[in-house]
Amino acid sequence: MESGRPPALEVEGLGLRIGGVTIVEDVSLQVRRGEFLVIIGPNGAGKTTLFNLISGFTRPTAGRITFGAHDVTHAAPYERARLGLGRTFQTSTVFAGLSTFENVRLAASAALGTSTRMWDRADGEAAPLARARAALEEVGLGARAQTIAAQLSHGEKRKLDLAILLCSEPSVVLLDEPTAGMAVEEVGDMVDLIRRIHREQAKTVMMVEHRMDLVLSLADRMAVMHHGRLLALDTPERIIANETVQSAYLGDPL
Amino acid sequence: MRFALLAALALLVLLFPFIHVTVPGLFEGPLDSAGTLNLLGLCFVFGALALTYDIVFGYTGLLSFGHALYFAVGVYVTAIALARWHWSLPAALVLTAVVAVLLPLALGAICLRVRDIPFAMVTLAFAEAGSILVLQNPFGLTGGEEGLALGGGVLPAALVGVSNTAHLYWIAAGLLAATSLIGWWAVGSPLGRVWQAIRENERRVTALGLNPYLYKLASFVLSGFLAACAGVAYLLLQGGANPQVTTSSFTLVLLVMVVLGGVGTLWGAVLGGIVYEYLDFRLVEFSNVPALQALPGVLRVPLSEPLFILGVLFIVLVLFLPQGLGGLVRSAGARSER
Amino acid sequence: MNAGAEVLLRVENLRVSIGESQILGGVSFGVRQGGITGLLGRNGVGKTTTLRGILGLLPRTGTVTLAGESLTALPVHEIVRRGVGYVPEDRDVFAGLTIEENLRLTERAGSEHRYPLVYELFPELRDRAAQLAGTLSGGQQQMLSLARALLNASNRILLIDEPTKGLSPVVVKRVAEALQRAAEVTTILLVEQNLAVARHLVRDVVVLDQGLVTFAGDIAELIDDPALARRHLGLSAAGH
Amino acid sequence: MSTIVLLIVTGLGLGALYFLVAAGLSLIWGLMRVLNFAHGAFFTVAAYTGFFAAAALAGTSPWVGWFASLVAGTFVGAVFATLTEIALIRPLYRRPVGQVLVTVGLALATLALVEGAFGADPRQVTVPPWMAATTSMLGAAIPNTRFVVIVLAALVLFGLLFFLRRTRYGLIVRAGVENRDMVSALGIDVQRAFTLVFAIGGAAAGLAGVLAATYYGTIDPGRGTAMLISAFIVVVIGGLGSIAGSALAAVLVGLLQQFLNFYAAAGVGDFAVVLLLAVVLLVRPGGLLGGKSA
């Protein structure tokens, strides 16, 4: 690390073995503050598992995870979220039976610490309501506020995912294939949105993505995973030039 | 507009004990008769109880098979304090309130460490333990299978006797109003909204930085406490405790009430509870109708068993009307608006 | 699809919705008799859904015909009995059953069973017959899953979903060889992300994007034209 | 010593009854994810069927009546269960909560019907005189019914294990417990396996109904529900879906109940069983032998 500041997120020797099968092995990386790190790799390489380990939904069998000044290796997922580690899931996981607005309001209320209040009206709290509205506007779902989330299109759900994340005002966001399954015309919007969030809100971003063309314009650095291991971690230009990466990502020649 | 209607309805309900009108077919005696008021009071109590179950099952998504236990706490703790220890009513109520918070807190803390079907089973098991305890009649406290009657002198005079049924009726109506208000307030509060989020997707709630366990426990305790309050009103209306309310069948009946009315809508649950109790009561009377008695056994026996008719009705409802009566009312309303 | 060739499996206007969201918006294509047809496309465009839709494992509309016979209205097991073998993405071997039991379960009355072929391709399946499938490595589970599809000689087409996913290069090579051998005795519809493998095995390709077919034709035509490959597969500047 | 032997054999007998009810519950849960509340109804209906079958043959040898009740009860249990699966469970295939709810409704309705038709009071059943007699074993006078129940339950256990491990349908059931979609994707009609499993579970519950009548000497409408709760506890302690686990847990529960009810106080055993369940669930949420299919 060139500066003296601690990295936003540090993973050391992280591993996961389940019943003799190695899913993730000896992954070490540091994410700098404000950095945009993209993780690529073929299907089944362990990218989502790495996210699950970092966010705490899966417990590692080896290694250490440090978030800012905190060792969070054994922290519960909600504790990590509270420290400012936000994530989206690969398959969109909004609260399907609730309205679009209620989805973000919940997140805003959770982030502002008002979720435990029993004596207030959820629809009468000024601060969460304002933050929720702002987040919906930010992702362009303002007009869909009253729609039940289950009735949103796939692309809209992914945007809602992002809006929920924004409400929590995390310092580090993990985005798991945010454009997967989106219509072509929606992808551009999504990329712009992610870029804006990264630049304007000065967030540290880790993103799993398959489309290299999208990734190149966003990433500061790229990490390549293959068979549960970190194959390379470098600038996009150098990653593209790397032959090992080429063969891993596009398939070994037969 | 809606509130004006609701207020008018509430006022009318409160005035029933002064209305000497017979509603043919609906009630046996006139509105102000003790029999009708008692039936209505019980309907209100079960409406309130169904609502408390809907908080934990319908809103938080916890399939508890032990809810009867907390109702039984209200019934038995109060009854024992009054009839066995001869405490005053206020003292008995304080004790009941304390137990009604601590017991669901302790059992909820244990049960909520598991989810889904294991959660259902372990709540069922604890309720069963409660039932065994009541039937075993420890230290002669519960009266075992006989139950526990509130004899003369243990209750204030205003709550005893046929002539005072109106007072009990008002207590039951007040209980239903208070429970509805608290339930409505709770599910609309930031806390209650988290319950619904947990029902939709618990993992996502975790990712928001909230610990679902504590929220589920809050729902469990609130609904348990309110169920105990309903239990107290039931005890007063019935004038005694009866081990029937501790059984697992009773929890299943609660499930029937809530599904009958529609899961996840408070007023649907209330409606389900009221309709269930009314049918249960009226079907007993129906079974004594001479015309029915004259039928051959194959028809007479099933028709004179309220639980049989309700069970079949329930099956039909689950098969063909999964939204419950509430859903039927809603869709009828939607049609009339169009 | 190339004209003149006999179409074994035809999919017309296949639509699948899960919950409120539509995954497939009317997919139509044909699979020629013999050889391997590739079903390609980026992650999340509906390839797996297409296979599961053909089998009826998901509620769908549209029509599916196998050699002229409509499969659309049949329950899953009847579709399979008509001769559609399936190798799912996650292998889905029965972990609590032994290898031998997994294979025995697959045996279908009225069909010849190709144990010799299966054991020739994957001798470890015979050597480890009594081992629980759940204790096998990922590669071995993949072999077992392929073996189940190959076992019944009455299978006329195999739907194979990403058989090389997450496997080491050595195993990928073996799987590819096995697929090549299998293609000599049956028709295969193959979902494959590993383009090197696809290029090696596949003759015809169908490319999906956003739940629709965006390209159908010869694989060489697609992959050897960078612009086409980029447009249809999202291959980057990094490609070839 | 003789007391301990008596308690052991009686506890095993009780465990045998629990096992017979639990085995079907466990299989049905394991394959279909249906928590079958109607299982107690299968038990009760079979018990009354057995009672009337024996009564109809009152003039013959008591053994004939007893065997007839056994066969009739088991058969009716199987038929009732099969009809339940076809008429109520199958239409709700995509609504798992609905499936549980209809079995709740069926349980309530059946219980009410039996109570309405035959009254809530227990009825005495007639058993062959040998059953009512005792056999001396290590100084303890043990009622012969205990042995009958234990032997029959053991036969059912071995029969089920044979079915699951050695027959093709058993293979289908074991595979279906893991992944029913994949079983149908192998060209197998899983639906038929469902119906079969329901029938087997109903038959075992029916057998338990008749044997419980022999064991207790009486029948009443409420015992099915009590058995169902005990069987639920057994199934969860043993591990949902595991037949061997159910057998182990049934024995454990039966013995614990008998010993504590005798040495502590009546009711303490029943109570302890519930606590055991809570402890097992908290320490090993999957049950003692959870995670295995057979």
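Here is the naming used below: chain letters follow the sequence lines, and residue numbers restart at 1 for every chain. Just so it is clear, the structure is predicted and the values come from calculations on it, not from any experiment.
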For D:F163, is the CZ atom crowded, meaning more than 12 foreign heavy atoms sit under 6.0 Å from it?
yes
Quick check: closest heavy atoms across C:R60 and C:L71, and the distance to 0.1 Å?
NH2-O, 4.2 Å
Please output the side-chain donor-acceptor pairs of residues 78-90 of chain D that fall under 3.5 Å, not counting sequence neighbours, one pair per line with the distance.
residue, atom, partner, partner atom, Å
D:T82, OG1, D:A78, O, 2.7
D:T84, OG1, D:F80, O, 2.7
D:E85, OE1, D:R90, NH2, 3.3
D:E85, OE1, D:T195, OG1, 2.9
D:E85, OE2, D:Q191, NE2, 3.4
D:R90, NH2, D:T195, OG1, 2.7

Would you be so kind as to tabulate the donor-acceptor pairs closer than 3.5 Å made by side chains of residues 245-256 of chain D, with sequence neighbours excluded?
residue, atom, partner, partner atom, Å
D:S246, OG, D:S242, O, 3.2

Go through the steps for D:L152 and D:L211 under the test side chain to side chain contact (heavy atoms under 4.5 Å, CB included), then give the verdict.
CA-CA 9 Å; D:L152 283 176; D:L211 285 180; 3.6 Å; yes
Contact residues of residues 103-129 of chain C (partner chain D; heavy-atom separation under 4.5 angstrom):
C:R104, C:L105, C:T106, C:E107, C:R108
When the 4.5 angstrom heavy-atom criterion is applied to C:A149 and chain D, the contacting part is neither
Can you name the residues of residues 76-85 of chain C that have some heavy atom under 4.5 Å away from a heavy atom in chain D?
C:V76, C:H77, C:V80, C:R81
D:R180 side-chain N/O to D:M32 backbone N/O, donor-acceptor pair under 3.5 Å:
yes
Any idea which of D:V190, D:V183, D:I188 has the most non-hydrogen atom pairs under 4.5 angstrom with chain C?
D:I188
Please name the pair of heavy atoms, one in D:A38 and one in D:A107, separated by the smallest distance, quoted to 0.1 Å.
CA-CB, 4.2 Å
Distance-only, no hydrogens or angles: does the D:N179 side chain make a donor-acceptor pair with backbone N or O of D:D181 under 3.5 Å?
yes
Measure from the side-chain N and O atoms of D:T103 to the backbone N and O of D:F37, and report whether any donor-acceptor pair falls under 3.5 Å.
yes
In the structure I gave you, are the side-chain heavy atoms of C:L51 and C:L189 within less than 4.5 Å of one another anywhere?
yes
